[in-house]
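Notes for the one structure printed next.
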Amino acid sequence: MMDSISRMEPKAFGVRRTNQMDKLRSRLYAKLKHILLERSWLFYVIGFLLGRAVILSVVSPFAVAFLATVWFVHKEKTIRTIVAIMLGALSYSVTHGIFITLGLLVFVFLAGLFKQAKRQQLLIPLFVFLATAGTRIFQYSIERQLAAYEWMFILVEGVLGTVLVLIFMQSLPLLSPKRYNPVLKNEEIVCMIILIASILTGTIGWQLYGAAIEQVFSRYFVLILAYVGGAAIGSTVGVVAGLILSLANVANLYQMSLLAFSGLLGGLLKEGKKPGVAVGLFVGTFLIGIYGNATELVPSIMESSIAIVLFLLTPANWFKNLSRFIPGTDEYTNEQERYLQKIRNVTAKRVEQFSDVFQALSNSFATADGQHESEQEAQRETDFFLSQVTEKTCQNCFKKERCWQKEFDKTYTLMEMLKDGIQEGGKPPRKALREFENFCVKPQKVIDVMKEETSYFEANQKLKQQVLESKKLVAEQLQGVSEVMEDFAKEILKEREHHEQQELQIVHTLKQIGLELEKLEIYSLDKGNIDIEMTLTFYSYHGEGAKLIAPILSDILKEVVVVKQEEIAPFPNGYSYLAFGSAREFVIETGAANAAKGGGLISGDSYTTIELGAGKFAMAISDGMGNGARAQEESVETLRLLQQILQTGIPEKVAIKSINSILSLRSTDEIFATLDLAVIDLHDASVQFLKIGSTPSFIKRTNELIKIEASNLPIGIIQEFDVDIVSEQLLPNDILIMMSDGIFEGPKHVENTDIWLKRKIREMRTNDPQEIADLILEEVVRTRSGEIEDDMTVVVAKIQKNIPKWSSIPIHTA
């Protein structure tokens, strides 16, 4: 026991020490952030260095431009920034300090004079140009008359100051501790590089053991950005930083080539982590140093060595945080994915809230059926009915007190018996009537008034029942919408799943058969919902997607997979895109035939076949009551509404009730429509029939014939009706036949059309759906000697097992 404790102590001590180091590091970072950013010491350090910055020996556009940017972005830091810039300028030389001080004062005077003016972002660069150029002209005019080349320097300095204001305005907000946009644009990256190079210009002349500070830090920044952003960012940093530093010291012009080449080489070797990027800098230093002065090679190697040491000592967390801002990095991609995930979560949450609202509305409309009223409610209605009767009859009767005070129970019981008898049979029972006549002095008047009130009572009851039915329909519709929105929220939250085992197996197998796989994306491997995308290269494509890859995927995933989409490169070895998905277990082949009344062009019958989501296939026939354009309008409108509602995912039963409600309310004309709907599941071949006022359907299975029928009124006749759903299980090669009443009731001189149709269907020697539809229509027309007395429509579907053209290829693993 003691031994185990002694072994645990060093481990616990190590964990505790690591935690303490992490806490100390976090405190140090927080303290530095507070000092440099929140207390703005970083701005003052930058101001000091930019006050010293000089290029081309005499041009110094940085200081005034930086002050103008601080004035525009952080006006409260202006005074301290001026002090920092002046100190930096005086540390370079007294003459330079006087020039910078005068330029700052001129700018502050102009900016303060026009601080109320609009469009400050345009005026401030102009003020920088005037302050820089005006001060330089004044300085040169005191000493001598200005030469032509001096005028050129003044113009260059003023223009550079103006441009630098625009660059610094994009760079300084990046240093804010409250930066909200986590993405750096390419322009912002370049502007930040220019600002860093300009700051390094202020360190020219500083050395550490013979190594120039500006060269050490320029190479350090090239290493960082090449490691984070790759070759493109690294070479860009090298070119920009090298150009600005070479302008500050023309003798070091070759440094631009060194930094650019080192940034490019380091970015290309970033897969080797930090050592790879460091090797890139060393190689660049040696290669460029060979062409320079041999005496400068050793200091250059020293500068690169120090930069590499700083680079290797830089915490990995810094690189990770910086990578989040650079497009193209893994951290940036992860940050974007987290952002998109957050958007998906917020959207899904809102959709769920709407779903809850619709659910709550559905619950508020859902009420108990009128047939299940409580006894208390029924008693209340009886009391109200009898009070209406007594108000018109007993109120002025001289025996009112005897009946309703002394013998209340008997009076109430007798009148209730009369009420029940009148409501049930139209007249009271003889026994109850005889007893009431012996009790009441005005029996006939009471009975007449009671019959009159009964009609009002029944009308109110009917209206109340319609209200309850309407509430029930609305509740079902809201419930359907709620379920659809809930499913939609789940789809939004459904992320791409990782299937490492299947991915490795697919990659290994395709490599074995010699296919060059560039990219593989597995989005879903759910049964019946496989979704795979891949990018490959083919020298010459000969249908390998359907012939090889799909059969291999079918064997690996134990499900029939087919090519859903393919985009083949038009040239050899180009990138080709292939998308694979689940094949349906069953496929439907359809045929239809129809004829209008009298051989006309406008038929009141309409039919459609609808490919629904989730592997469902729907067939529907609608027969508008009557013939002609008005009937066609009703049937077409019924199918249009059906298709739109079903494709949203709302259950079929709710969809049909919704259509019924819409059609019954939209017109006062007594024109209605039947609906015959069959929804087939292509995964298991189950079918659901919803027949609203329609004729029977038939399923032909070899020599067996199955009749499908249900009794429902046509759509639009009544507000509320029950939809009977008939379910059947189809088998491969089954033939489903649906027809309108013109076909089912059309044969003339046939006593039993049901038996006649069954016989005709059995006698058919073809299994082609279109031929069956044509033959049935022709047989019915023949019985009427070629006359078409009603609109006729027949739709036939054949259910077949889906057999892919290419069978699965077995995988043989060693």
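Put simply, the side chain of Ile532 does not reach to within 4.5 Å of the side chain of Glu521, judged on heavy atoms. Side-chain contact check for Phe66 versus Val70: some heavy-atom pair is nearer than 4.5 Å. Using a 4.5 Å cut-off on side-chain heavy atoms (C-beta onward), Leu525 and Gln502 make contact. The shortest side-chain heavy-atom distance between Leu520 and Glu503 falls under the 4.5 Å cut-off. A 4.5 Å side-chain heavy-atom check between Leu536 and Tyr575 finds every atom pair outside the cut-off. Residues Leu67 and Ile82 meet the side-chain proximity criterion, which asks for heavy atoms closer than 4.5 Å. When side chains are defined from C-beta on, Trp151 counts as touching Ile137, because their heavy atoms get closer than 4.5 Å.
Nearest approach of Pro125 to Leu166, heavy atoms of both residues: CG-CD2, 4.1 Å. Among all heavy-atom pairs drawn from Gly51 and Ala63, the shortest one is CA-CB, 4.3 Å. Here the closest heavy-atom approach between residue Ala569 and residue Ser576 is recorded as N-OG, 3.1 Å.
Here Thr537 pairs with nothing under the side chain to side chain donor-acceptor pair (under 3.5 Å) rule; sequence neighbours left out. For Val159, the side-chain contact (heavy atoms from CB on, under 4.5 Å) partners are Phe129, Leu155, Val163, not counting sequence neighbours. For Lys273, the salt bridge (Lys or Arg N to Asp or Glu O under 4.0 Å) test picks out no residue, with sequence neighbours left out. For Thr285, the side-chain contact (heavy atoms from CB on, under 4.5 Å) criterion is met by Arg219, Leu258, Leu281, Ser300, Ile301, Ser304, not counting sequence neighbours. Scanning for side chain to side chain donor-acceptor pair (under 3.5 Å) contacts around Gln565 gives Glu567, with sequence neighbours left out. Here Tyr577 pairs with Glu533 under the side chain to side chain donor-acceptor pair (under 3.5 Å) rule; sequence neighbours left out. Evaluation of the ring pair (Phe, Tyr, Trp, His ring centres under 6.0 Å) rule for Phe127 yields Phe114 as partners, not counting sequence neighbours. Every side-chain contact (heavy atoms from CB on, under 4.5 Å) that Ala53 has, sequence neighbours left out, goes to Phe62, Thr201. Take Tyr541 and apply the ring pair (Phe, Tyr, Trp, His ring centres under 6.0 Å) test, not counting sequence neighbours, and it matches Phe538.
Once rounded to the nearest 0.5 Å, the distance linking CD1 of Ile85 with OG1 of Thr78 reads 9.5 Å. Rounded to the nearest 0.5 angstrom, Ile100 CD1 and Thr95 OG1 are separated by 12.0 Å.
Sorted by first then second residue, the side chain to side chain donor-acceptor pair (under 3.5 Å) pairs that include residues 225-235, not counting sequence neighbours, number zero. Residue pairs that meet the side chain to side chain donor-acceptor pair (under 3.5 Å) test with at least one member in residues 82-92, sequence neighbours left out, are Arg52-Ser91. Pairs of residues two or more places apart, or lying in two chains, that qualify as side chain to side chain donor-acceptor pair (under 3.5 Å) and include a residue from residues 125-137 are Arg136-Gln139, Arg136-Glu157.
A distance-only check finds no donor-acceptor pair linking the side chain of His96 to the backbone of Ser60 [under 3.5 Å].
Within 6.0 Å of atom CZ in Phe217, 12 or fewer heavy atoms from other residues, nucleotides or ligands are found, so the atom counts as exposed in its surroundings. When the shell of 6.0 Å around CG of Leu113 is examined, it contains more than 12 heavy atoms from other residues, nucleotides or ligands.
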